[in-house]
Enquirer: 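So that we are looking at the same thing, I have put the structure below in structure tokens.
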Amino acid sequence: MTEHPRRGGPGTVPLPEIWTGRATNRIQWLFAVVGVACLALGIELAIQSSWETGIVALAASVVGCVAAGLLILFGTLAFVHVAVKVDHDHLEVRCGHAGLPRRRIPLTQVTGADFEPSVTPRQWGGWGYRWRPEQGTAVVVRRGEGVVLTLGDGRTFTVTVDDAEAAVRVIRDRLRAAATGTVSLSKSGLGATGLGKATGGRTILGGSAEA
């Protein structure tokens, strides 16, 4: 059966079945240019040098330039933009054009979702995929609004994305629907044991986050 967007009342915007959003940081392209320059320098050194004297030093320079160039390129292109998708079961985050790194969080492991109007790289120690013991993990590609998920183990997951308030509304709607489903099963006489069998022993709300 095809589900249709639910309406919260007159004048409200229907929630989508699948919500998608993204955030972009065009400044990252400047760092990508630096990476290309380092890579080109390493290649030029390898081609133009005679390789007759100072081979060790020359090889170290070539390898250093190429490695630095590739590292900068990957680090910048991977976080030029981030794409976020929320369906009925998961929140999925894909970074860069290759979609890596990627994280998929089951909504059964989410206990809350909040809108954060100002996420900054300073809060997380820089751009990219960040981890701080006292805060949790985050994907930060630019400063600005973002979504903060509270996970079943108390940790948080933050991602910067445009129209983050809409994402929070969708996630909260999914969590309410899951909670309502739990109550309905209990009222139907399944009880805790029956509920565990009906869900294959899987906890409907709460649990540990993905590593």
Side-chain angles (χ1 to χ4, degrees), residues 2-8 12-29 31-32 73-132 135-179 204-211:
T2 302
E3 296 185 12
H4 299 282
R6 290 182 290 276
R7 297 181 181 272
T12 60
V13 178
L15 297 176
E17 294 298 314
I18 298 178
W19 184 91
T20 59
R22 60 189 290 132
T24 302
N25 186 350
R26 293 183 176 85
I27 297 177
Q28 293 285 78
W29 287 109
F31 295 102
L73 275 175
F74 175 79
T76 54
L77 294 181
F79 297 102
V80 166
H81 69 260
V82 61
V84 180
K85 181 174 76 172
V86 180
D87 57 25
H88 285 282
D89 301 312
H90 298 85
L91 176 140
E92 183 178 75
V93 176
R94 290 177 175 267
C95 300
H97 299 286
L100 296 172
R102 170 179 177 260
R103 181 158 184 188
R104 201 162 188 251
I105 301 176
L107 294 183
T108 54
Q109 297 180 2
V110 177
T111 61
D114 295 290
F115 169 72
E116 174 55 57
S118 180
V119 179
T120 65
R122 177 178 295 182
Q123 295 169 343
W124 291 93
W127 312 97
Y129 199 107
R130 317 300 297 182
W131 173 76
R132 304 193 77 168
Q135 291 179 265
T137 54
V139 177
V140 182
V141 299
R142 52 106 174 108
R143 63 180 68 246
E145 62 181 312
V147 176
V148 181
L149 300 182
T150 302
L151 306 177
D153 59 1
R155 294 184 296 173
T156 64
F157 177 76
T158 302
V159 57
T160 53
V161 64
D162 297 341
D163 200 15
E165 284 186 287
V168 169
R169 285 196 298 270
V170 172
I171 295 169
R172 287 177 176 176
D173 180 74
R174 302 289 192 263
L175 297 180
R176 280 194 298 269
I204 289 186
L205 288 176
S208 299
E210 289 184 1

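Nothing fancy with the numbering, it's 1 onward along the sequence.
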Enquirer: What's the separation between atom CH2 in W19 and atom CZ in R174, rounded to the nearest 0.5 Å?
Expert: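 These two atoms lie 11.5 Å from each other.
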Enquirer: Provide the closest heavy-atom pair for V168 versus A113 in the form atom of the first, atom of the second, distance.
Expert: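 Residues V168 and A113, closest heavy atoms: CG1-O, 3.7 Å.
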Enquirer: Using a 4.5 Å cut-off on heavy atoms from C-beta on, say whether the side chain of V84 contacts that of L91.
Expert: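 The answer is yes, as the side chains (C-beta and beyond) meet within the 4.5 Å cut-off.
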Enquirer: Can you tell me which residue pairs pass the side-chain hydrogen bond (donor to acceptor under 3.5 Å, both in side chains) test with a partner in residues 139-148, sequence neighbours excluded?
Expert: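 Those involving residues 139-148 are R142-D162.
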Enquirer: Apply side-chain hydrogen bond (donor to acceptor under 3.5 Å, both in side chains) to T156 and list each qualifying residue two or more places apart in sequence or on a separate chain.
Expert: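 So T156 forms no side-chain hydrogen bond (donor to acceptor under 3.5 Å, both in side chains) with any residue.
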Enquirer: Which pair of non-hydrogen atoms, one from P16 and one from V170, has the smallest distance, and what is that distance?
Expert: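 So the minimum-distance heavy-atom pair works out to CD-CG2, 4.0 Å.
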Enquirer: Is any side-chain heavy atom of V86 closer than 4.5 Å to one of I18?
Expert: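 A side-chain contact under 4.5 Å is absent here.
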Enquirer: Is there a side-chain contact between V147 and I171 in this structure, where contact means two heavy atoms from C-beta onward sitting under 4.5 Å apart?
Expert: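 In contact.
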Enquirer: If we only count heavy atoms from C-beta on, is the V140 to Y129 side-chain gap below 4.5 Å?
Expert: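 No, every pair of side-chain atoms sits at 4.5 Å or beyond.
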Enquirer: In this structure, which one of V161, T160, V159 forms a side chain to side chain contact (heavy atoms under 4.5 Å, CB included) with V141?
Expert: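 The residue from V161, T160, V159 that satisfies side chain to side chain contact (heavy atoms under 4.5 Å, CB included) with V141 turns out to be T160.
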Enquirer: Taking it one step at a time, do V82 and V93 satisfy side-chain contact (heavy atoms from CB on, under 4.5 Å)?
Expert: CA-CA 7 Å; V82 61; V93 176; 3.4 Å; yes
Enquirer: Within this structure, what is the CG-CZ distance for the pair L151 and F157, rounded to the nearest 0.5 Å?
Expert: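 L151 atom CG to F157 atom CZ measures 8.5 Å (nearest 0.5 Å).
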Enquirer: Report the residues that fulfil side-chain contact (heavy atoms from CB on, under 4.5 Å) with Q135, sequence neighbours left out, ordered by chain and then residue number.
Expert: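 For Q135 the side-chain contact (heavy atoms from CB on, under 4.5 Å) partners, ignoring immediate neighbours, are W124, R132.
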Enquirer: What pairs with A83 under side-chain contact (heavy atoms from CB on, under 4.5 Å), at least two apart in sequence or on another chain?
Expert: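 For A83, no residue satisfies side-chain contact (heavy atoms from CB on, under 4.5 Å) once neighbours in sequence are set aside.
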Enquirer: Quick one: do the T137 and R103 side chains pair a donor with an acceptor below 3.5 Å?
Expert: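 There is such a pair (donor and acceptor under 3.5 Å, judged by atom type) between the side chains of T137 and R103.
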Enquirer: If a pair satisfies salt bridge (Lys or Arg N to Asp or Glu O under 4.0 Å) and one of its residues is in residues 85-94, list it, with sequence neighbours excluded.
Expert: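 Of all non-adjacent pairs touching residues 85-94, those that pass salt bridge (Lys or Arg N to Asp or Glu O under 4.0 Å) are E92-R94, E92-R102, E92-R104.
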Enquirer: Extract all donor-acceptor atom pairs below 3.5 Å that involve side chains of residues 114-121 and protein atoms in other chains or at least two apart in sequence.
Expert:
unit_1, atom_1, unit_2, atom_2, d
D114, OD1, R172, NH2, 3.3
E116, OE2, S118, N, 3.2
T120, OG1, Q123, N, 3.4

Enquirer: Would you say L100 and C95 make side-chain contact, with heavy atoms under 4.5 Å?
Expert: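 No, every pair of side-chain atoms sits at 4.5 Å or beyond.
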